[in-house]
2 protein chains.
Amino acid sequence: MNYNQFKHCGLNVTLTMLSGKWKPIILYHLFHNAEMRFTELWRIIPKVAKKVLLDHLKQMEADGLIIREEKQGFPPEVSYRVSEKGKALGPALSALETWANEYAADEVAEFKKTTVGKLRQHLS
Amino acid sequence: MNYNQFKHCGLNVTLTMLSGKWKPIILYHLFHNAEMRFTELWRIIPKVAKKVLLDHLKQMEADGLIIREEKQGFPPEVSYRVSEKGKALGPALSALETWANEYAADEVAEFKKTTVGKLRQHLS
DNA sequence: TGAACGGGTTACAAAAAAGTAACCTTCTTG
DNA sequence: CAAGAAGGTTACTTTTTTGTAACCCGTTCA
């Protein structure tokens with residue numbers, strides 16, 4: 001039962017940082033790619049509005065979860081990658097993913113059908 | 001790196017279930033109390049609107065995280081408790097809490113000052 | 001010269017989440 | 001007989017989050 005003795009303050013902080021319609025898929029891509037450019041992310045998540053993707057990335061950068069790097073020169077080249085702080089969250093994110101697959105398989109399947117289908121990808 | 005190979009579907013499903021301004025604190029209380037009545041919860045989280053608390057509880061019940069039990073008789077007695085499915089999420093919630101305390105201590109402190117202060121409680 | 005590209009910003013509209021206040025029901029107690 | 005308590009619902013407002021579309025800047029390429 002000990003692992004259930006969480007307090008709610010940290011939980012609140014973490015969930016706030018993770019809340020945002022497209023953050024899970026952004027994190028997924030960044031965790032799996034080490035570095036991605038803005039347009040690359042935008043193309044791979046085609047339904048997200050440019051502005052919203054930018055908003056999410058800005059928040060995540062402000063929260064220290066990801067790092068934005070701008071190489072000057074032309075064409076403008078901006079890349080995003082997961083920070084150490086962000087990487088440290090990996091196991092917890094895995095745990096949430098695992099729980100869903102074990103305890104909410106139906107919802108996961110439904111999500112794949114509706115959302116992922118519309119993204120025309122196979123990201124499970 | 002293996003523990004970072006989460007997919008985003010399950011993550012999305014879980015975070016959606018956890019999203020709601022007062023869900024972390026609701027879960028906190030239910031995880032620590034085995035069973036609580038509606039009014040008890042409402043009194044312990046004094047800033048939440050009755051309607052919103054009810055909405056959150058309904059969603060969490062619909063998602064299978066908690067169980068609502070209604071004993072008939074008078075006065076009406078309704079209690080809420082964490083389901084097995086909900087309990088299985090405990091370790092993941094702990095992981096989120098722990099991460100925040102390690103990597104986002106400032107935000108946690110800020111949260112305690114602003115939000116918890118207003119709740120007039122000491123729940124860390 | 002002018003169209004296209006990468007990475008934005010801006011102004012605005014739509015939708016979703018949270019909050020407010022009044023009301024309801026069924027009993028019990030003063 | 002009036003008030004109060006538990007657990008809600010209803011109608012409505014405010015705030016927050018997402019989404020749409022147009023525009024900007026500086027270069028390169030046709």
Side-chain angles (χ1 to χ4, degrees), chain A residues 8 12-13 15-27 29-30 33 35-63 65-81 111 114-115 118-119, chain B residues 8 12-13 15-27 29-30 33 35-63 65-81 111 114-115 118-119:
Chain A
H8 63 91
N12 224 309
V13 167
L15 288 176
T16 300
M17 288 184 184
L18 294 175
S19 87
K21 185 164 172 182
W22 304 97
K23 282 185 188 174
I25 196 172
I26 294 172
L27 283 168
H29 287 300
L30 292 182
N33 283 293
E35 179 168 314
M36 289 182 87
R37 298 181 54 176
F38 174 78
T39 312
E40 199 179 352
L41 268 172
W42 194 40
R43 268 194 293 255
I44 218 168
I45 315 173
K47 294 199 23 119
V48 68
K50 207 175 187 182
K51 171 184 164 294
V52 175
L53 181 53
L54 248 350
D55 285 354
H56 280 21
L57 289 170
K58 271 183 205 166
Q59 286 174 214
M60 293 166 83
E61 198 204 353
D63 288 335
L65 295 177
I66 62 174
I67 292 167
R68 176 181 179 278
E69 196 160 4
E70 189 173 349
K71 289 135 190 158
Q72 77 270 62
F74 207 85
E77 191 174 331
V78 174
S79 62
Y80 295 90
R81 62 199 157 84
F111 179 84
T114 58
T115 304
K118 283 177 196 155
L119 295 177
Chain B
H8 64 91
N12 223 311
V13 167
L15 288 176
T16 299
M17 287 184 184
L18 294 175
S19 86
K21 185 164 173 182
W22 304 97
K23 283 184 187 174
I25 197 172
I26 295 173
L27 282 168
H29 287 299
L30 293 181
N33 282 296
E35 179 168 315
M36 290 182 85
R37 297 182 54 175
F38 174 78
T39 311
E40 198 177 353
L41 268 171
W42 194 40
R43 269 194 291 256
I44 218 168
I45 315 175
K47 296 201 19 121
V48 69
K50 207 175 189 184
K51 173 186 162 292
V52 174
L53 180 54
L54 248 348
D55 285 354
H56 280 21
L57 290 170
K58 271 184 202 164
Q59 285 172 212
M60 293 166 82
E61 196 202 355
D63 288 334
L65 295 178
I66 62 174
I67 292 167
R68 175 181 180 280
E69 198 160 2
E70 189 172 351
K71 290 132 190 161
Q72 77 269 61
F74 207 84
E77 189 174 332
V78 174
S79 61
Y80 295 91
R81 60 196 159 87
F111 179 84
T114 60
T115 305
K118 283 176 195 155
L119 294 178

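Here is the naming used below: chain letters follow the sequence lines, and residue numbers restart at 1 for every chain.
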Taking the side chain as C-beta and beyond, is there a heavy-atom pair between [X] and [Y] under 4.5 Å?
X: A:Ile45; Y: A:His29; value: yes
X: A:Phe111; Y: B:Thr16; value: no
X: A:Ile25; Y: B:His8; value: yes
X: A:Leu27; Y: A:Leu18; value: yes
X: B:Val52; Y: B:Lys21; value: no

N/O contacts under 3.5 Å, protein versus nucleotides 24-30 of chain C?
none

Taking only side-chain N and O atoms of B:Arg37, does any of them lie within less than 4.0 angstrom of OP1 or OP2 on D:dG7?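 Indeed, a polar side-chain atom of B:Arg37 lies that close.
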Report which part of the nucleic acid A:Lys71 touches: base, sugar-phosphate, or nothing (heavy-atom distance under 4.0 Å, all strands). nothing
Which part of the nucleic acid, if any, lies within contact of B:Glu77, taking any heavy atom under 4.0 Å across all strands shown: a base, the sugar-phosphate backbone alone, or nothing?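 B:Glu77: backbone/sugar contact only, no base atoms under 4.0 Å.
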[X] [atom1] to [N] [atom2]: how many Å, rounded?
X: A:Trp42; N: D:dA21; atom1: CH2; atom2: P; result: 12 Å
X: A:Leu57; N: C:dG6; atom1: CG; atom2: P; result: 16 Å
X: B:Glu70; N: D:dG7; atom1: CD; atom2: P; result: 9 Å
X: B:Glu40; N: D:dA6; atom1: CD; atom2: P; result: 11 Å
X: B:Arg43; N: D:dA5; atom1: CZ; atom2: P; result: 9 Å
X: A:Gln72; N: D:dT27; atom1: CD; atom2: P; result: 12 Å
X: B:Tyr80; N: D:dA6; atom1: OH; atom2: P; result: 14 Å
X: B:Lys23; N: C:dA17; atom1: NZ; atom2: C1'; result: 11 Å

Can you see which heavy atom on A:Ile26 is nearest to which on A:His56, and at what distance?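 Smallest interatomic distance, heavy atoms only, reads CD1-CB, 3.8 Å.
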If you look at every heavy atom in B:Tyr80 and B:Leu30, which pair is closest and at what distance? O-CD2, 3.6 Å
Return a single string for nucleotides 10-20 of chain D, one symbol per nucleotide in 5' to 3' order, where B is base contact, S is sugar-phosphate-only contact and - is none, cutoff 4.0 angstrom on heavy atoms. BB------BBB
Quantified as the angle between the terminal helix axes (five pairs each), what is the overall bend of the helix from C:dT1-D:dA30 to C:dG30-D:dC1 to 10 degrees?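 Rounded value for the end-axis angle: 20°.
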Contacts under 3.5 angstrom, residues 69-77 of chain A side chains, donor-acceptor by atom type, not counting sequence neighbours:
from, atom 1, to, atom 2, distance (Å)
A:Glu69, OE1, A:Arg81, NE, 3.4
A:Glu69, OE1, A:Arg81, NH2, 3.3
A:Glu70, OE1, A:Arg68, NH1, 3.1
A:Glu70, OE1, A:Arg68, NH2, 3.3
A:Lys71, NZ, A:Glu35, OE2, 3.1

What distance do A:Leu65 atom CG and A:Lys23 atom NZ have between them, rounded to the nearest 0.5 Å? 7.5 Å
I'd like to check the side chain to side chain donor-acceptor pair (under 3.5 Å) partners of B:Lys51; sequence neighbours left out, ordered by chain and number. B:Asp55
In chain order, what residues pass the side-chain contact (heavy atoms from CB on, under 4.5 Å) check against B:Lys47, with sequence neighbours excluded?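 For B:Lys47 the side-chain contact (heavy atoms from CB on, under 4.5 Å) partners, ignoring immediate neighbours, are B:Trp22, B:Lys118, B:Leu119.
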